[in-house]
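The structure displayed is predicted, hence computed values, not measured ones. Just so we're on the same page: letters track the sequence lines, and every chain starts at 1.
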Amino acid sequence: MNTENRHNIPEEFLRPYSPTESEPLVYQTWETSGFFNPDICIEKGVTKADAEHFSIVLPPPNVTGTLHTGHALMLVIQDIMVRYQRMLGKKTLWIPGTDHAAIATQSKVEKLLEKEGLKKHDLGREAFLKRVEQFAQESHDTIVHQTKKMGASLDWSREAYTLDDKRNLAVRTAFKKMYDDGLIYRGHRIVNWDPKGQTTISDDELVYQEETVKFYYFKYGPFTIGTARPETKFGDKYVVMHPDDARYAQYNHGDKLTIEWINGPLEATIIKDSMIDMEFGTGVMTITPWHSKEDFDLAEKYNLDKEQIIDQYGKLLPIAGEFAGMKIKDAREKIVEKLQSKGLVEKVEENYKHNIATAERSGGIIEPQIMHQWFIDVNKPIAERNNKSLKELMQDAVNSKNIEIIPDRFEKIYFHWINNLKDWCISRQIWYGHQIPVWYKGEETYVGIEAPLEEGWVQDPDTLDTWFSSGLWTFSTLGWPEQTTDLETYHPTSVLETGHDILFFWIARMILMSTYVLGTVPFKTVYLHGMVRAANGQKMSKSLGNAAADPLDIIAKYGNDALRMAMIIGNTPGNDLKLDENNIRGYGKFGNKIWNATRFVLESIAQADFSEPVELDSEDQQSMDELNELLKVATKEMNEFKFSLAGDKLYHYFWHTFADIIIERSKKKITEGINAPSAQRLLYLQHLTLIKALHPFMPFVTEKVWGLLPKIGNETNDNKLLIIESWPTSA
RNA sequence: GGGCGAUUAGCUCAGUUGGUAGAGCAACUCAUUUACACUGAGAAGGUCAGGGGUUCAAGUCCCUUAUCGCCCACCA
């Protein structure tokens, strides 16, 4: 090319592509264009008002700090879906938001206070909540900043928070409806009590840890019982054995006998039940219904007495006699000593391994307790829903194929979880969250969306499990309980994309809430991604010193487009992704490749005259056909959520066919004047098409390049942004 | 105890309804004021964890074993 042509080429092409320079400016252009908002797309004639819709609600990150590479992966996959669908001309909505995360956020702030030597009770509920809100606000701002850096084309005008006023109204409305339908009840039931966090938690928030302890065999009357927890045994007055156990055939269900126990004689009652495993230990056990779920169930079955042994702080109650007031851990050995002195210890096994339940957030050791709490009944038939229970509604949604889970192996896991589902304890004794919309006055209870007007009512101090409000997310973000246009237009949402680790916590609960409250599924497709790990397979974390823990560091180094490609190519749903910095660097080079190919195309066509139709010669036509064929396949793959395959194809075509073959061929044709107009037109067409098709994957560099392309004939839309161009199904 | 996933080139991973294996990075040879060295051309590298089966044909489907990882579960 001669120097005259160079004047037509923007000067910045003389330097390598700089993602760090371009990306913030490009994002700003998108944001000010308003095209993240489907209403504006319709207003400006980009999208047809009656177009099909495509909607995703962003899994709201917890306001507990900053985003990590796992969030980055989620943003990348969703942004690809959203950009693709927007280019298909659909009314495309992606709603951002953050999650107050109740326990997680509160315990984070409590830990910060601890460093200042303060406890939440020193501040009081109001001041403490202020503190949490301040922390949440700061986290929110960081998260939003990071999200924008990652190029997410979210409609920020619709941003929501799980604890803002609108979502609070949704929560109160849903609670009231469930209460009126008899699905929410308050009852004395066994719950997971966290003595450290001083709150109940759900089964899903338990983390089991293996512990090696001593296992004791005690003489209990004529029987020998085994236990790892002597400190719970004070009130054990039921002794259980299998009805078919020949060793104990002489005893009948209901027989009573007096036995000598820790603090003196006790009247024990024989219970025969097949829950007992005859093979385990001596085949006999005593039960502690107040502090064990299984024992509780048995006690319910036979209407047995239940006695509390341990209080909510983990201390022994007066029933323990001389041990009352002691902490469990301190009491254990002393109790064994006493039993020893009474000759009731038969043997002690060392190194007994068992799992203890701990609280996910506080780390406290869970002590099951019978408490007065609020529950959601998952088995009660619901008249409004054909007498199906919540459990059945959840099963039907997936069984009926109204919801498809990708990869489908998670469907099995989903059903297994539902089959084992028990009533959901939704009340939490923490301050940060949606306060339960129930008021008490003496013996009276009032449940309402608004507080009762009369004097003297006191609201329940407990708050709701954070997943209660998250469960409403697909429709609370669209304005429910108001019957908004958004709700009508965008619900059920198209896709729910998230990590497979919150299948139970969140996805199942959204299905529960939506099928119950609205009678529709919350989304049609669930796409589950895997966990992001460092190249060596370690979990990403700052404490482990993995270089790539902060996505913004990667972006600063290689650009967002490179990170996106590294996260998409070679990644498959449900499987873990080991993020390799070499990989990211490699795709960073691709950005520059696109940049330089653009420069070459611009230089090559600078003198071309496209005002008259140009016929492609047979060789060039064949190249065009090949590209069209590739696009056909890539489009199919995009529709099937196979982004890895589609992205890989486009990447390779651009580099190894367009750049290596077509560009090289065109050099010869143009300089030697062999069908030069055909070569120029092919360059132009292929480049244009590939830039469009690559846009969902590498939005920044493609948008940047698009802005520098000249307007030729009717091939480009005058200065329109690439983000709202049409996806090139065929060129 | 039950269930699931992984095992493919030195490393990290793809492989779309079965049709004699691919990418990135690394390593090798050559080219070099070229749109691009963030380059090009070429070569090399795999008995697809082991064993068995179905099939004209298996990385792909079935059975089984091993190793690693994950999830679920009340064994007192």
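- Contacts of K293(A) with the nucleic acid, taken as non-hydrogen atoms under 4.0 Å apart, are absent.
- Of the nucleotides present, none pairs with C75(B) by Watson-Crick or G-U wobble criteria with both distances under 3.5 Å.
- Expressed to the nearest 0.5 Å, how far NE2 of H652(A) lies from CG of L630(A) amounts to 11.5 Å.
- The aromatic rings of F654(A) and F590(A) stand perpendicular to each other, their planes meeting at an angle above 60°, with 30° marking the opposite boundary.
- Looking at heavy-atom distances under 4.0 Å, S292(A) makes no contact with the nucleic acid at all.
- Across all strands shown, A228(A) has no heavy atoms under 4.0 Å from either base or sugar-phosphate atoms.
- Y651(A) comes within 4.0 angstrom of the backbone, heavy atoms only, and of no base.
- In this structure R585(A) satisfies the salt bridge (charged side-chain N to carboxylate O under 4.0 Å, His left out) test with no other residue, sequence neighbours excluded.
- No engagement by D576(A) is indicated, since no non-hydrogen atom pair under 4.0 Å with the nucleic acid exists.
- Nucleic acid contact for D277(A): base, since at least one base atom lies under 4.0 Å from a heavy atom of the residue.
- Rounded to a whole Å, the CD atom of E640(A) is 12 Å from the P atom of U16(B).
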Checklist outcome for this item: Protein-proximity profile, nucleotides 58-64 of chain B, B/S/- by nucleotide at the 4.0 Å heavy-atom cutoff, equals -------

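- Contact annotation for I663(A): base contact, defined as any heavy-atom pair under 4.0 Å involving a base atom.
- The OG atom of S666(A) sits 8.0 Å away from atom CZ of F658(A), with the distance rounded to the nearest 0.5 Å.
- Base engagement by I276(A) is indicated by at least one non-hydrogen atom pair under 4.0 Å involving a base atom.
- Counting non-hydrogen atoms under 4.0 angstrom, G530(A) reaches nothing in the nucleic acid.
- Summarising the base pairing, A44(B) is matched to no nucleotide, lacking a Watson-Crick or G-U wobble pair whose two defining distances lie under 3.5 Å.
- Side-chain nitrogen and oxygen atoms of Y352(A) include at least one within less than 4.0 Å of the OP1 or OP2 phosphate oxygen of A76(B).
- Between N583(A) and G283(A), the one whose closest nucleotide on RNA chain B sits nearer the 5' end is N583(A).
- Looking at D295(A), its side chain does come within 3.5 Å of a backbone N or O of T288(A) through a donor-acceptor pair.
- At the heavy-atom level, H500(A) lies nowhere under 4.0 Å from the strands shown.
- Atom NE2 in H242(A) sits about 17 Å away from atom P in C75(B), given to the nearest Å.
- Checking C70(B) for Watson-Crick or G-U wobble geometry (two distances, each under 3.5 Å) identifies G3(B) as its partner.
- Residue contacts shown for G281(A) are absent, as no nucleic acid heavy atom lies under 4.0 Å away.
- Map G226(A) and N575(A) each onto its nearest nucleotide of RNA chain B; the residue landing nearer the 5' end is N575(A).
- The shortest distance between the side-chain N/O atoms of Y208(A) and the OP1/OP2 oxygens of C74(B) is below 4.0 Å.
- G24(B) and C11(B) make up a base pair, with Watson-Crick or G-U wobble contacts both under 3.5 Å.
- Phosphate contact (OP1/OP2 of G40(B), side-chain N/O of W655(A), threshold under 4.0 Å): present.
- Contacts of N355(A) with the nucleic acid, taken as non-hydrogen atoms under 4.0 Å apart, include base atoms.
- Going from atom CZ of F410(A) over to atom P of C4(B) covers 12 Å, rounded to whole Å.
- Remark: side-chain polar atoms of H291(A) are not paired, donor with acceptor, to backbone N or O of Q308(A) under 3.5 angstrom.
- A close approach under 4.0 Å does occur between a side-chain nitrogen or oxygen of K412(A) and OP1 or OP2 of C4(B).
- The residue N596(A) sits close to a base: some heavy atom pair falls under 4.0 Å.
- Taking 4.0 angstrom as the limit, T286(A) places none of its side-chain polar atoms (N or O) nearer than this to OP1 or OP2 of A76(B).
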